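This report refers to the structure that appears directly beneath it.
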Amino acid sequence: MSDRVVVALDVGGTGMKCALVRPDGVVVRTERHPTDAARGPAAVVGTILEVAGGLADKARADGLTPIAVGIAVPGVVDEARGVAVWSANVGFRDVPLRDLTVRRLGLPAALGHDVRVGGLAEARLGAGRGTGHVLFVAIGTGIAAAHVVDGTAAVGAHGAAGEIGHILVRPAGPRCGCGRPGCLEAVASAAAIGRRYAELAGDTADAQVTAAEVAERAAAGEQLAGQVWQEAVEALADGLASGQALFDVATIVLGGGLAQAGDLLLTPLRAALHERMTFHREPQLVAAALGDEAGCLGAALLALDAVGVRDHQEKR
Ligand SMILES: [Zn+2]
């Protein structure tokens with residue numbers, strides 16, 4: 001039965017990462033396509049179905065048997081009903097994407113949330129592998145998390161579990177995109193770190209820097225960058241400590257763009273998190289291992305789960 005594959009798509013605001021994945025987690029083909037979200041949600045759905053159908057056809061042409069389709073999308077996702085409820089950057093409003101896929105491709109399908117399936121992949125195939133209880137935290141433009149227990153990510157009653165970016169950490173802090181001041185992602189997302197640096201640096205030519213540059217300048221000894229970086233680390237530690245109080249995980253996996261700072265982030269963050277642990281057991285804090293493939297691999301895992309296939313776990 002080694003010829004079975006699932007079709008996996010990770011749909012983002014700008015691009016779609018797509019793959020054919022075997023039940024043991026091995027990727028046999030990858031493709032990337034532009035999302036071109038400005039065309040509107042109906043056109044994006046059309047592209048998703050076309051790309052998924054094309055991959056299934058290519059699998060058959062290569063002598064493989066597509067057995068299911070997994071699709072990850074951003075925003076609020078009702079995984080039980082297979083509906084993309086809401087998405088700011090792709091424009092979905094109550095799109096029954098799973099049923100549309102089943103109808104178009106004639107294969108079982110599963111729909112998941114991009115960060116939750118990314119967490120699923122990191123917990124089962126990546127940095128959290130073998131540790132059972134994992135909190136995956138993606139830090140990029142925003143901050144979102146997935147709580148994975150024994151290979152299953154909690155979805156929540158309304159498809160919105162894991163919004164750790166909206167934990168209140170600084171009541172008098174900057175206003176969040178959600179409208180409330182002081183959310184974690186308004187203080188410690190990559191975007192927030194860049195904004196804070198620009199705000200404190202004032203009207204100078206080199207004030208517009210990315211969070212990665214702030215990290216590098218802090219490491220090189222620049223005082224302002226050091227202050228901004230430490231502020232973000234302290235806020236992240238507050239957020240992660242709340243996460244640990246709620247979930248008592250073995251491993252916290254940090255993903256997203258900010259995690260690429262590696263030890264510049266992990267070392268001070270481990271120390272700040274350690275300071276905040278009282279009776280809680282301290283989790284391992286590690287960087288994600290799968291990079292930007294995590295969402296696509298997670299979509300594949302969701303598809304495999306939908307048809308009851310978990311070969312990759314037997315290979316541990
Ligand atoms: Zn918020």
Side-chain angles (χ1 to χ4, degrees), residues 11-14 37 72-79 83-94 112-119 135-148 153-200 210-212 214-215 227-247 249 252-259 261 265 269 272-273 276 285 288 294-295:
V11 179
T14 53
V73 297
V76 177
V77 182
D78 184 333
E79 298 188 3
V83 174
V85 176
W86 180 89
S87 148
N89 50 6
V90 187
F92 292 143
R93 300 288 182 274
D94 291 316
H113 176 259
D114 56 354
V115 174
R116 278 201 294 272
V117 302
L135 184 65
F136 172 69
V137 182
I139 311 170
T141 313
I143 300 178
H147 179 216
V148 184
V155 174
H158 312 95
E163 294 286 2
I164 198 172
H166 302 281
I167 285 181
L168 179 63
V169 293
R170 298 290 179 266
R175 191 167 294 277
C176 179
C178 77
R180 196 179 62 167
C183 290
L184 178 60
E185 77 174 37
V187 181
S189 65
I193 292 169
R195 277 198 303 272
R196 178 66 172 155
Y197 186 90
E199 179 192 330
L200 293 181
T210 64
V214 172
Q227 179 197 330
V228 169
W229 192 247
Q230 194 57 32
E231 279 179 13
V233 163
E234 298 289 336
L236 278 173
D238 286 337
L240 296 184
S242 295
Q244 185 62 359
L246 286 170
F247 302 131
V249 295
I252 295 178
V253 179
L254 294 186
L258 202 69
L265 176 65
L269 188 52
L273 186 59
R276 285 161 175 75
L285 186 63

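Order of appearance sets the numbers: ligands from 1, and atoms from 1 within every ligand. Keep in mind that this is a model prediction, so the values were computed, not measured. One-based numbering along the sequence shown.
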Using a 3.5 Å distance criterion without hydrogens, assess whether the side chain of [X] forms a donor-acceptor pair with backbone atoms of [Y].
X	Y	answer
R276	A272	yes
E79	H113	yes
R116	V148	no
R93	S87	yes

Tally, protein N/O/S atoms nearer to the Zn ion (ligand 1) than 2.8 Å:
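Protein heteroatoms (N, O, S) closer than 2.8 Å to the Zn ion (ligand 1) number 4.
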To the nearest 0.5 Å, what is the distance between NE2 on H158 and CG on D78?
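Here the interatomic distance stands at 10.0 Å.
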Between R170 and E231, does any NZ, NE, NH1 or NH2 come within less than 4.0 Å of an OD or OE carboxylate oxygen?
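No.
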